[in-house]
Protein chains: 2
Amino acid sequence: MIKVSKETEYALICLVKFVQDNNKYSARELAEYFNIPFELLAKILQKLSQNGILRSIHGPQGGYMFEKPAHSINLGRLLQILENPVETVSCLTHRNCRQSKKCNIRQNMEHIHHVVNDYFFSLTLEDFIARKSAAIGDR
Amino acid sequence: MIKVSKETEYALICLVKFVQDNNKYSARELAEYFNIPFELLAKILQKLSQNGILRSIHGPQGGYMFEKPAHSINLGRLLQILENPVETVSCLTHRNCRQSKKCNIRQNMEHIHHVVNDYFFSLTLEDFIARKSAAIGDR
DNA sequence: CTATATACGACTAAAAATCTCGTATATAAC
DNA sequence: GTTATATACGAGATTTTTAGTCGTATATAG
């Protein structure tokens, strides 16, 4: 079906909100505002802070805020954190599928994976919000 | 997880084989050669012939062969046939998700979807095999 | 007529994504 | 120092999607 997970959607929705308001929000505030399951969103925000995207503040009046500016947050990196893994085709990680002996598409799929992946890595969160896009392909 | 389905993998494996050998093969031959579940592959090949990619021949000595040359078979079209649908983000088809009222990423996701989709539509099966990639992007 | 092939819908099984629960830890406010 | 509010994190349940199977019908070469 080729689509990003709800986790990635939820993460992007919140990150865009952080950019728009330049503010600190708790997981509960964001979950209620966007109607996202709280426990799920909490784990997503934890992942983002574990990976240096957000800074977390414990205790009352705590919450999350940006660790670094939107133009230094990379979209490819976000997918890497949230999509475990981005692979485009399963044989890129599971080398021993039932077709591996006679597989005739692995390198071709890998090439496409790189093109698409490079595209995501060429975009920052700022680009995502501005709907800018560097050129894809030309490898 | 962002990857193509087994159906797409199996289809590409067989299509590449058709190109390499320029031959006619039955579903059973291909299933045995590539170690793909026969019934599943049969349905995939049926989809491809329903959509004008392959020609099917009934009866003994029957099977499948190309309906048109590899350079006129489009990768985006193949995904369209096999991935039902290619959407990148779920809100593109399910407009009423729980966040729809306050969603702040739909148009941004749509933009990315178009860039990636256009890339796939810029490639033919021949390009896929040659690992070429046309440049698109810059939208 | 028979063997071999495609056509196609319904069903089951397996895998993955999504969501929930329980418990631990940190800290601001009082 | 107690309490209320927040993050941290692993385990488990549920739902959805994908992958694979089964049964039956139809076409056709020999």
Side-chain angles (χ1 to χ4, degrees), chain A residues 1-11 13-14 24-32 34-65 67 79 82-87 89-91 93-94 97-99, chain B residues 1-11 13-14 24-32 34-65 67 79 82-87 89-91 93-94 97-99:
Chain A
M1 209 189 258
I2 308 192
K3 68 177 174 191
V4 301
S5 66
K6 282 278 173 194
E7 284 201 23
T8 297
E9 276 187 52
Y10 293 157
I13 285 173
C14 292
K24 181 187 67 183
Y25 291 115
S26 71
R28 194 165 296 281
E29 284 175 314
L30 290 168
E32 277 170 15
F34 286 115
N35 195 22
I36 297 170
F38 165 70
E39 295 89 350
L40 182 55
L41 182 58
K43 288 207 299 190
I44 294 167
L45 296 171
Q46 281 158 31
K47 268 192 209 175
L48 293 176
S49 76
Q50 280 163 2
N51 286 281
I53 309 293
L54 294 175
R55 163 196 298 275
S56 73
I57 301 155
H58 278 223
Q61 310 309 316
Y64 296 92
M65 57 189 303
E67 182 70 22
L79 291 179
L82 296 160
E83 289 290 328
N84 61 121
V86 179
E87 52 180 1
V89 71
S90 53
C91 54
T93 44
H94 307 90
C97 73
R98 299 197 299 177
Q99 287 77 43
Chain B
M1 208 190 259
I2 307 192
K3 68 176 173 189
V4 300
S5 66
K6 281 280 173 192
E7 283 200 24
T8 297
E9 276 188 53
Y10 293 157
I13 285 173
C14 292
K24 180 188 67 183
Y25 291 116
S26 70
R28 193 164 298 280
E29 283 175 314
L30 290 167
E32 277 172 12
F34 287 115
N35 196 22
I36 297 170
F38 165 70
E39 295 89 347
L40 181 55
L41 182 58
K43 288 207 299 191
I44 294 167
L45 296 171
Q46 281 158 31
K47 268 193 209 176
L48 293 176
S49 75
Q50 279 163 3
N51 286 280
I53 309 294
L54 294 174
R55 164 196 296 275
S56 73
I57 301 157
H58 279 222
Q61 310 308 315
Y64 296 91
M65 56 189 300
E67 182 71 22
L79 292 178
L82 297 160
E83 290 291 328
N84 62 118
V86 180
E87 52 181 1
V89 71
S90 53
C91 54
T93 45
H94 306 89
C97 73
R98 298 197 298 178
Q99 288 76 42

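Per chain, numbering begins at 1; letters A, B, ... match sequence-line order.
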Q: NZ of K6(A) versus C1' of dT15(D): gap in Å, rounded?
A: 13 Å
Q: Of the options dC19(C), dT21(D), dT5(D), whose atoms approach the side-chain atoms of E39(B) most closely?
A: dT21(D)
Q: Between dC19(C), dT6(C), dA29(D), which nucleotide has the shortest distance from any of its atoms to the side chain of S26(B)?
A: dT6(C)
Q: Which one, dC19(C), dA7(C), dC9(D), comes nearest to the side chain of S56(B)?
A: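 The closest nucleotide is dA7(C).
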Q: Using a heavy-atom cut-off of under 4.0 Å over every strand shown, decide if A27(B) touches base, sugar-phosphate, or nothing.
A: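 Sugar-phosphate contact only - A27(B) comes under 4.0 Å of backbone atoms but never of a base.
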Q: Quick one: are S56(B) and Q46(B) in side-chain contact, heavy atoms under 4.5 Å?
A: no
Q: Once you apply a heavy-atom cut-off of 4.0 Å, does I57(A) come out as touching a base, just sugar-phosphate, or nothing?
A: sugar-phosphate
Q: Could you check how far CG of L40(A) sits from C1' of dT15(D), rounded to whole Å?
A: 13 Å
Q: Round to the nearest Å and state the distance from H58(A) atom NE2 to dA8(D) atom P.
A: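 Going from H58(A) (NE2) to dA8(D) (P), I get 4 Å.
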Q: Report the distance from atom CE of M65(A) to atom C1' of dA6(D), rounded to the nearest whole Å.
A: 16 Å
Q: Backbone N or O of V4(B) within a donor-acceptor pair of the E83(B) side chain at under 3.5 Å?
A: no
Q: Please give, in whole Å, the distance from dG20(D) P to K47(B) NZ?
A: 13 Å
Q: Using the side-chain heavy atoms of Q50(A), tell me which of these nucleotides is nearest: dT7(D), dA28(C), dC9(D).
A: dC9(D)
Q: Flag yes if more than 12 heavy atoms outside E29(B) fall under 6.0 Å of its CD atom; otherwise flag no.
A: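 Above 12, so yes.
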Q: So, is Y25(A) close to the dT7(D) phosphate, meaning a side-chain N or O under 4.0 Å from OP1 or OP2?
A: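 No, no such contact exists.
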Q: For the pair made of NZ in K43(A) and P in dA8(D), what is the distance, rounded to whole Å?
A: 13 Å
Q: Which atoms form the tightest heavy-atom contact between L41(A) and A27(A), and what is the distance?
A: CD2-O, 3.7 Å
Q: Has Y10(B) got a side-chain N or O lying under 4.0 Å from the OP1 or OP2 atom of dG20(D)?
A: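 For Y10(B), the contact criterion (side-chain N or O under 4.0 Å from OP1 or OP2 of dG20(D)) is met.
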Q: Counting C-beta onward and ignoring hydrogens, is there a side-chain heavy-atom pair between L30(A) and L45(A) closer than 4.5 Å?
A: yes
Q: Rounded to the nearest angstrom, tell me the gap between atom CZ in R55(A) and atom P in dA26(C).
A: 18 Å
Q: Output the rounded distance in Å from CD1 (I36(A)) to C1' (dT20(C)).
A: 16 Å
Q: Between A42(A) and P60(A), which residue's closest nucleotide on DNA chain D lies nearer the 5′ terminus?
A: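 In this pair, the answer is P60(A).
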